[in-house]
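All remarks here apply to the structure that follows.
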There are 2 protein chains.
Amino acid sequence: MTRIKEYSTIQENKRFALAQCPVTYVMEKIGGYWKPIILYQLSISDKRYSELRRAIPAISEKMLIQHLKQLEADKLIIREAKPVVPPFVTYRLSASGHSLKTIIGDMAAWAIEDAKGTFENVEG
Amino acid sequence: MTRIKEYSTIQENKRFALAQCPVTYVMEKIGGYWKPIILYQLSISDKRYSELRRAIPAISEKMLIQHLKQLEADKLIIREAKPVVPPFVTYRLSASGHSLKTIIGDMAAWAIEDAKGTFENVEG
DNA sequence: CATTATACATACTTTAGGGTAAGTACTTGT
DNA sequence: ACAAGTACTTACCCTAAAGTATGTATAATG
């Protein structure tokens with residue numbers, strides 16, 4: 001995972017925004033390009049690492065793992081590794097993750113209303 | 001406003017995410033560092049450009065204008081300019097903007113609960 | 001004995017977005 | 001005459017996040 005500088009104006013402003021603005025807090029947690037898609041996939045069903053990879057073919061392995069680690073650190077998902085070889089790792093939504101589903105649903109509804117016809121299938 | 005390349009993998013993936021994922025669509029609209037804060041300020045009351053600037057002292061003028069233009073292009077806010085000099089420009093939420101308030105409120109509520117640790121140690 | 005599959009890790013590059021600083025045009029106040 | 005306030009605009013720099021490519025250990029399979 002990429003190092004970040006201890007100090008920079010961007011970091012300062014981010015801290016400011018996080019302290020002032022709960023919305024930014026949520027953004028920080030689900031605001032990567034792929035995070036909502038990962039969460040959507042996990043909301044359908046628990047999945048192994050490789051299942052996620054196949055479910056989202058366009059994502060690179062680095063991005064997948066990186067976001068999984070972040071989501072895990074933010075306690076939105078739970079990682080379970082069976083001590084076997086080859087490894088068997090399953091990801092699933094935590095309580096926080098599940099509680100986000102309502103919001104995500106509302107966001108999706110708003111988006112679909114706002115841009116009628118742009119979206120074909122998905123809910124996540 | 002900064003130019004973007006006609007083609008890049010990032011743009012490709014963004015298009016993919018936007019087409020597949022309504023959440024990403026919402027993120028695109030309210031996902032700048034300052035956008036939620038601007039929207040929040042305008043949800044309190046309509047404001048002139050300079051009032052916004054004073055309400056959010058940490059933001060640079062470039063960022064403020066840039067986000068205002070984007071929010072206007074996305075039809076979340078409405079810009080009204082009186083043809084006088086010195087200029088008198090007022091910004092206010094559009095209908096779309098107002099309809100976002102519920103979602104923003106829910107996000108804020110979730111953020112506060114999550115920060116408190118409400119969801120911790122509960123199984124998904 | 002080489003390939004495939006598991007679940008990652010890590011070095012390096014690119015790009016979009018954010019930040020800094022300065023300028024524009026026009027009027028009012030001192 | 002000059003500073004200050006209005007609402008921007010533009011040129012340039014820097015950083016965080018995203019992308020590319022390759023490597024790791026272990027076991028089963030052909």
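Residue numbers start from 1 in every chain, and the chains themselves are labelled A, B, ... in the order their sequence lines are given, proteins ahead of strands. Atoms considered below: every heavy atom in the structure, side chains included; atoms not considered: hydrogens, waters and symmetry mates.
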For a quick test of reading the model: is some side-chain N or O of [X] closer than 4.0 Å to OP1 or OP2 of [N]?
X       : N      : answer
B/Lys14 : D/dG19 : no
A/Arg54 : C/dT6  : yes
A/Asn13 : C/dG19 : yes
B/Thr9  : D/dT20 : yes
A/His67 : D/dA17 : no
B/Tyr7  : C/dA16 : no
B/Ser8  : D/dG19 : no
A/Arg79 : C/dA7  : no

Between [atom1] of [X] and [atom2] of [Y], what distance do you get to the nearest 0.5 Å?
X       : Y       : atom1 : atom2 : answer
B/Leu93 : B/Asp46 : CG    : CG    : 7.5 Å
A/Trp34 : B/Gln20 : CH2   : CD    : 8.5 Å
A/Leu42 : A/Arg92 : CG    : CZ    : 11.0 Å
A/Ile38 : A/Ile56 : CD1   : CD1   : 5.0 Å
B/Arg53 : B/Glu61 : CZ    : CD    : 4.5 Å
B/Asn13 : A/Ile59 : CG    : CD1   : 8.5 Å

| task | May I ask you to list the residues of residues 40-50 of chain B, by number, that have any heavy atom positioned under 4.0 Å from an atom of DNA chain D? | result |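 DNA chain D contact set from residues 40-50 of chain B: B/Arg48, B/Tyr49, B/Ser50.
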| field | Exercise: identify the closest heavy-atom pair between A/Lys35 and A/Lys29 | value |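 Scanning both residues, the minimum pair turns out to be CD-O, 3.2 Å.
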| Looking at residues at least two apart in the chain, or sitting in another chain, which of them share a side-chain contact (heavy atoms from CB on, under 4.5 Å) with B/Ala111? |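 Counting only residues at least two positions away or on another chain, B/Ala111 forms a side-chain contact (heavy atoms from CB on, under 4.5 Å) with A/Pro22, A/Tyr25, A/Val26.
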| message | Going by side-chain contact (heavy atoms from CB on, under 4.5 Å), name the residues that satisfy it together with B/Tyr33, two or more places apart in sequence or in a different chain. | response |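 If we apply the side-chain contact (heavy atoms from CB on, under 4.5 Å) test to B/Tyr33, skipping adjacent residues, the hits are A/Ile10, A/Lys14.
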| task | Sugar-phosphate means primed atoms, P, OP1 and OP2; the rest is base. With that split, encode nucleotides 22-30 of chain C 5' to 3' as B, S or - using protein heavy atoms under 4.0 Å. | result | ----SS---
Atom pair distance, as rounded to whole Å: [atom1] in [X] and [atom2] in [N]:
X       : N      : atom1 : atom2 : value
B/Gln70 : D/dC8  : CD    : P     : 15 Å
B/Gln11 : C/dT15 : CD    : P     : 11 Å
A/Ile59 : C/dC8  : CD1   : P     : 14 Å
A/Ile10 : C/dA16 : CD1   : C1'   : 11 Å
A/Lys62 : C/dA11 : NZ    : P     : 12 Å
A/Ile65 : D/dG19 : CD1   : P     : 15 Å
B/Gln66 : C/dA16 : CD    : P     : 14 Å
A/Lys69 : D/dA18 : NZ    : P     : 17 Å

| task | Give me the residues of residues 27-36 of chain B where at least one heavy atom lies under 4.0 Å from an atom of DNA chain C, by number, or none. | result | B/Gly32, B/Tyr33, B/Trp34
| A/Glu51 bridged to A/Arg54 by N-O distance under 4.0 Å |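 A/Arg54 and A/Glu51: not salt-bridged.
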For residues 94-109 of chain B, tabulate all N or O donor-acceptor pairs below 3.5 Å that involve a side-chain atom, not counting sequence neighbours.
from, atom 1, to, atom 2, distance (Å)
B/Ser94, OG, B/Lys75, O, 2.7
B/Ser94, OG, B/Leu76, O, 3.1
B/Ser94, OG, B/Ser96, N, 3.3
B/Ser94, OG, B/Gly97, N, 3.1
B/Ser96, OG, A/Asp114, OD1, 3.2
B/Ser99, OG, A/Trp110, NE1, 2.8
B/Ser99, OG, B/Ser96, O, 2.7

| request: With the side chain counted from C-beta on, respond yes when B/Lys69 and B/Ile65 share a heavy-atom pair under 4.5 Å apart, and no when they do not. | output: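 Heavy-atom side-chain distance check passes, below 4.5 Å.
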